[in-house]
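Residue numbers begin at 1 in each chain, while the letters A, B, ... track the order of the sequences.
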Protein chains: 2
Amino acid sequence: MKSLAQKTVTLKDIAKEVGISPSTVSRAINNEGRVSETTKRRISEAIKKLDYHPNIMARGLASKKTKSVGFVISKRRGRSLDRTSFYGKIIEGVEKEGRKYGYNPIFSVINEEERKSASLQIVKENRVDGLILAGCDIDKKLVLSLKERKIPLVLVDNHFDKEKISCVVTDNLNGAYEAVTYLISLGHKRIGFVAEMLSDLSFYERLQGYKLALKEAGLNYEENLVQESRDDIGYTATKKLLESQLPPSAIFAANDSAAIQAMRAIRKKRLRIPQDIAIVGFDNGEVAPYTNPPLTTVRVFTKEMGQIAMRMLIGIINNKNPLPVKNLMFTELVIRESCGGKLKRENFRPLTH
Amino acid sequence: MKSLAQKTVTLKDIAKEVGISPSTVSRAINNEGRVSETTKRRISEAIKKLDYHPNIMARGLASKKTKSVGFVISKRRGRSLDRTSFYGKIIEGVEKEGRKYGYNPIFSVINEEERKSASLQIVKENRVDGLILAGCDIDKKLVLSLKERKIPLVLVDNHFDKEKISCVVTDNLNGAYEAVTYLISLGHKRIGFVAEMLSDLSFYERLQGYKLALKEAGLNYEENLVQESRDDIGYTATKKLLESQLPPSAIFAANDSAAIQAMRAIRKKRLRIPQDIAIVGFDNGEVAPYTNPPLTTVRVFTKEMGQIAMRMLIGIINNKNPLPVKNLMFTELVIRESCGGKLKRENFRPLTH
DNA sequence: TTGTAAGCGTTATCAC
DNA sequence: GTGATAACGCTTACAA
């Protein structure tokens, strides 16, 4: 039953098998031009029979389409926890969605040379039809240079609003708003905000959500309730908060990592969570369920972001120049135990506008 | 200064520029056949000048080499914590090493169809020159089918010793041996072992290291000191241990996730870490420094595993059939606070044979 | 050392 | 509907 010749089957082979020309086979495969149903059927039978698979390279050469996209991340030095888990989830979504349309993601980390030249090897080599740029460590210069060269592009977890580049980002503002509103609904009046750094785009947006929630609740925004500490991801920041004259009764951390550090600081002070102080994180990372106590946090739909980004990118690749879109992903408050008991969400009113 | 024609520069263009034939240029670029130093120089000048980059697709078509490798993972249902962070680190290493030699990794998750057919789309399409199969959820049938078809292959964090397939794995035995020996050097006589599941290859090997350490120290191996609990990654297992007649004074967890669960169980019992019970994990994951107390654990060189795997794969791709090699990665005990204070390692003797 | 020419497996532009 | 035929950009014998 085994075929003896291990030669790869080509378009020609199946053309020969059916007794027609290669061009017709090509058309049939790509659903282009009219091909009679009968020959279509015979072609697909032959394809099955000979186990034919189009050669991507040949196809790419002829059609100028690689059916690959670059998934590129940039590693910034001095970024505390590396976010490989975050990126892993995104690319998983990218892969899943791409697979449906025959696109494969090429994983690429920007290196120094590329950073300097504001260009990418995989683009120069025509390895990809488009790019998904993930994370906010991506250089703006690179993005602009790519855009200028009309490379199909989607940003994930990053945006440059002024430049009108398609992107998919978490709705940090609403997510934070919801988290803080939840805290307020629990009776907290003094709520601290801690972050690794306020300059980070996502964290900045979360701060805005925090402010908005306070404002809507009629609470005063106090600058000294907002603290950052770069070296220890919010540990010192929390410490400062706890040692202040009027320490907060709750802390909203800019992300789960900061929340974990905050927890450490809180414990160090011999305070109990949530009895003495409540805490909410952001991201719903892998560890959130396993912190002590399990962390109430804002879930971010990472994998889905990847999927949506891929779908957008494919759209851009195939339609010439669709209007750029900023895709805001909803979040979801995941209530565990770090704010006290099994409190349900009914008590608080989410953002209505 | 800007060129008006945006046409992509090809081999021909630079041949024309220099005034020689394309084949010579090709040879020069690929360092094949003799090309005079002078023309070589002029060629590379022209390449710079015109900003030429070889078209990967064309090259692939002609040479049957794609300069891509597949990085493939398999997601098994019912696996507790997803290991995207682990895979992210590996592929980072793969990318880094591949970049040096012009190889790009294509990220791919095995889907149901592929699992059933024991074959991979990217292979059929000739998208890749070889594969890195990561994680122990990879089907043995797939691996064998790939091997039979002579697809260059390297396994990461997985091995089928009988099949003699090149792989790079953590030296779980020695890592575990070292961890347990450390515990013993601290005076512990009753040491428990907890895991999510003992059937997992890595965990099984770690169990062997645990046994070996006990044996070498002249301690008895007691079956009831080894517990697994699949549903909660070692939480129940630890609980069982703690509630036994002679509870252990230390626990060696098969990985950090299990260690975190063990910590939870220990706290639930109102025992202190490390005063009442010491704990060691395995992996040195991102969270290890942030557990309470910071977790002493065995460091695994994930990214480096990726690098080495890539290097091996490139070797296999370029030399026909080198002998398969099993690459054991050393580990490193990272001492934090979950076994007590700042104890140094001098007290204990690592494996000498 | 260099050039010529024939592919590599597709797609695309024409005619028919 | 279908079939020649010419690209696509590069590699690679084989000549020179």
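- In this structure, B/R42 places its CZ atom 14 Å from C1' of C/dT1, rounding to the nearest Å.
- A/Y87 and A/F71 have perpendicular rings, their planes meeting at more than 60° on a 0 to 90° scale where under 30° would count as parallel.
- Distance, B/I43 CD1 to C/dT1 C1': 11 Å, rounded to whole Å.
- Checking C/dT11, C/dG3, C/dG9 against every side-chain atom of A/N30, the shortest atom distance belongs to C/dT11.
- In this model, a donor atom of one side chain and an acceptor atom of the other lie less than 3.5 Å apart for B/R99 and A/S108.
- Between the side chains of A/S21 and A/S23, at least one donor N or O lies within less than 3.5 Å of an accepting N or O.
- In terms of position along DNA chain D, the nucleotide closest to A/R27 lies nearer the 5' end than the nucleotide closest to the other residue of the pair B/N55 and A/R27.
- For B/D13 and D/dG9, the CG to P distance is 9 Å, given to the nearest whole Å.
- Side-chain N/O atoms of B/S63 include none lying less than 4.0 angstrom from OP1 or OP2 on D/dT11.
- D/dG9 atom P lies 9 Å from atom CG of A/N126, rounded to whole Å.
- For A/E32, the side-chain atoms get nearest to C/dA12 when compared with the rest of C/dA12, D/dG1, C/dT2.
- At least one side-chain nitrogen or oxygen of B/K64 sits closer than 4.0 Å to the OP1 or OP2 atom of C/dG9.
- Contact between the side-chain N/O atoms of A/S21 and the OP1/OP2 oxygens of D/dT2 is not found at any separation under 4.0 Å.
- Residue contacts shown for A/P22 are absent, as no nucleic acid heavy atom lies under 4.0 Å away.
- Residue B/T39 places no side-chain atom within donor-acceptor reach of the base of C/dT1, judged by atom type and a 3.5 Å distance cut-off alone.
- Nucleic acid contact class of A/R59 (heavy atoms, under 4.0 Å, all strands): sugar-phosphate only.
- Rounded to an integer number of Å, the gap from CD1 of A/I29 to C1' of D/dG1 is 17 Å.
- Within 4.0 Å of A/S36, counting heavy atoms only, lie sugar-phosphate atoms of the nucleic acid but no base atom.
- In this structure, B/K65 places its NZ atom 17 Å from P of C/dC8, rounding to the nearest Å.
- Around NZ of A/K141, the count of heavy atoms belonging to other residues, nucleotides or ligands within 6.0 Å does not exceed 12.
- Atom CD1 of A/I20 and atom P of D/dA4 are 11 Å apart (whole Å).
- The side chain of A/T8 lies closest to C/dG9, out of C/dG9, C/dG3, D/dA4.
- The two residues B/I110 and B/R115 come nearest to each other via the heavy atoms CG2-N, 3.9 Å.
- Under a cut-off of 6.0 angstrom, the local environment of NZ in B/K124 is crowded, with over 12 non-hydrogen atoms contributed by other residues, nucleotides or ligands.
- Taking atom NZ of residue B/K12 and atom P of nucleotide D/dT11, one finds them 13 Å apart after rounding to whole Å.
- Between B/V35 and B/A58, the one whose closest nucleotide on DNA chain C sits nearer the 5' end is B/V35.
- In this model, a side-chain donor or acceptor of A/S23 finds a partner on the base of D/dA4 within 3.5 Å.
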